[in-house]
2 protein chains.
Amino acid sequence: MPGRWGRGPAKWWHGEFRGCGYRITIPRQIILQVLDESKEHLSAEDIYLKVHNIYPAIGLTTVYRTLDLLINMGLIFKFDFGDGRARYELSRGPKEPSHHHHLICTNCGRIIDYTDFVDEELELLKKTEKKLSKKYSFEIKNHTIQFYGLCEKCSTSKE
Amino acid sequence: MPGRWGRGPAKWWHGEFRGCGYRITIPRQIILQVLDESKEHLSAEDIYLKVHNIYPAIGLTTVYRTLDLLINMGLIFKFDFGDGRARYELSRGPKEPSHHHHLICTNCGRIIDYTDFVDEELELLKKTEKKLSKKYSFEIKNHTIQFYGLCEKCSTSKE
DNA sequence: ATATTAATGAAAATAATTATCAATAAGGAA
DNA sequence: TTCCTTATTGATAATTATTTTCATTAATAT
C-alpha cells in the first residue's frame, strides 16, 4: 500500500517544481488540486477549508506560503477585489479560453466572470502592452480588467 | 479674524455635501484638499500624515470614515494594488484628461500611471461596457485596467 | 445664542496576513 | 532500502490595515 496519499500520476506542474528545486509535497499537491478543481475566486481561507477536507493536517500558514510560491512561479494569480481579502486563481495565460475579466458589485461583493467580448479587448491590450513596454521599459506579465458597479439585485433594490 | 481654518472660497464639492445633508467639516475639507493636491495613490496612512501636518487634531479613524463617505459619494475611487493597503484617488471621470490606467511592478511595488493610449482603450471599453450591462443587467460605474510585471529596475536587476 | 444631532477622536476590537521556531518529511546518497 | 541534509511544515505569536464603540465636540437650522 503506497500510503494514504499515493503519488498518483505525475502532474503537469511537477516539472516546474523540480526545475526550480522545490519539493513536491502533499500540501502543495492538494492546494494545486483544489485550485484546479474550483478555479474561481478562492480566498486563502476558502482554500484552507477545502484542503482541510482532504488533508486535515494542513495549516493556514502553509496555504499562504504555498500561494506565495505559486504566485512567484507564475502558476496562479492574485486578485484584490476590494473587500479586504485576496482571491487566487490558476493563471491560465491570456490566450487560453478560460481567461476572463471581472464585473464586481460594489454593494454586495458579487463577482461575475465574463469571457465574452474578451477577444477584442485582448487584441487592443496586446497593442497597448507593446507600446507601454517600450515607453516605460516595463516587462508586462499579466493584466486585469475589472468593471465596478451594481449587479442586478443591488441595482433594483436601491431604487 | 475668521478663525485659523477660515472658510475660504466655496469649493466645487460643497454643493454635493449639502445636497446629501452632509456637514462640511474641517477634517473633510482638509482631506479633500490633500487628495486634490497630491492626486495619486495615497494610502489612508499617507493621507492621515499629510492632513496631520495641516490639522494635527485629525484622527486616523476620521480619515477612514471620510474616505468611505467620499467613495460612496463617488468623489474618490479606491484601488487595491495587491500590497495589502488600499490607495485612494480623486475620481475624475473617464472622460477627464487625468483619467489613467496603471502599470504595477510586482517586485518593488512601484506604480506608474499612464494616460497615453488610453483613448483607444476607452472607446473599446465603452462598447464592452454597453454589451456587458445589457447581458448581465449590471450597472457599470467605473473600471480599472492594470498591467502587472517588472519595472525597468527590477527587470534588469533580475538578470 | 441655542438646541439638535451628525461628526469626531481615542482606544479597543477585528481580520487578514506574516514571522518565529522546533518538529517533520522529501529527495538524494550510500 | 536506510540514512542524511535541509526544505517544508504547522502551532503560535506578532503585525498591520481597517472597523467598532462611545463619550465628547462642533456644524447647522432655528
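Computed over heavy atoms, backbone and side chain alike; hydrogens, waters and symmetry mates excluded. Keep in mind the model is a prediction, meaning the values are calculated, not measured. By convention in this document, chain letters (A, B, ...) are assigned in the order of the sequence lines, proteins followed by strands, and residues within each chain are numbered from 1.
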What I want to check is whether an N or O donor and acceptor connect the side chain of [X] with the base of [N] at under 3.5 Å.
| X | N | result |
| --- | --- | --- |
| A:Arg23 | C:dG28 | no |
| A:Arg18 | C:dG27 | no |
| B:Thr61 | C:dA11 | yes |

Sugar-phosphate only, base, or nothing, as touched by B:Arg85 at under 4.0 Å among non-hydrogen atoms: sugar-phosphate
message: What contact category does B:Thr62 fall into here, base, sugar-phosphate, or nothing, at under 4.0 angstrom with non-hydrogen atoms?
response: base
If you check the [X] side chain, which of [options] turns out closest?
| X | options | answer |
| --- | --- | --- |
| B:Tyr88 | D:dT18, D:dG10, C:dG9 | D:dT18 |
| A:Pro27 | D:dT18, D:dT9, C:dG9 | D:dT9 |
| B:Ile24 | D:dG10, D:dT28, C:dA7 | D:dT28 |

Practice task
Assess whether atom NZ of B:Lys131 is packed by more than 12 heavy atoms of other residues, nucleotides or ligands within 6.0 Å.
Solution key: yes
Given [N], is OP1 or OP2 found less than 4.0 Å from the side-chain N or O atoms of [X]?
| X | N | value |
| --- | --- | --- |
| A:Arg65 | D:dA7 | no |
| A:Tyr64 | C:dT17 | yes |
| A:Thr25 | D:dT9 | yes |

Looking at [X] and [Y], would you say the former's side chain and the latter's main chain have a donor-acceptor pair under 3.5 Å?
| X | Y | result |
| --- | --- | --- |
| A:Asp46 | A:Ser43 | yes |
| B:Ser38 | B:Val34 | yes |
| B:Arg85 | B:Ala44 | no |
| B:Thr62 | B:Ile58 | no |

Please work out which of the three classes, parallel, tilted or perpendicular, describes the rings of A:Phe79 and A:Phe81, given edges at 30° and 60°.
-> parallel
Assign each of A:Ile58 and B:Ala44 the nucleotide of DNA chain D bearing its closest heavy atom; nearer the 5' end lies the nucleotide of A:Ile58
Result for 5'-nearest mapping on DNA chain C, choosing between B:Arg28 and B:Leu60, is B:Arg28
Which whole-number value in Å describes the distance from [X] [atom1] to [N] [atom2]?
| X | N | atom1 | atom2 | result |
| --- | --- | --- | --- | --- |
| A:Gln29 | C:dA26 | CD | P | 9 Å |
| B:Asp68 | D:dT20 | CG | C1' | 13 Å |
| A:Phe17 | C:dA26 | CZ | P | 14 Å |
| B:Leu42 | D:dT18 | CG | P | 13 Å |
| A:Leu67 | C:dT18 | CG | C1' | 13 Å |
| A:His14 | C:dA26 | NE2 | P | 12 Å |
| B:Leu69 | D:dA27 | CG | C1' | 15 Å |
| B:Asp83 | C:dA16 | CG | C1' | 14 Å |

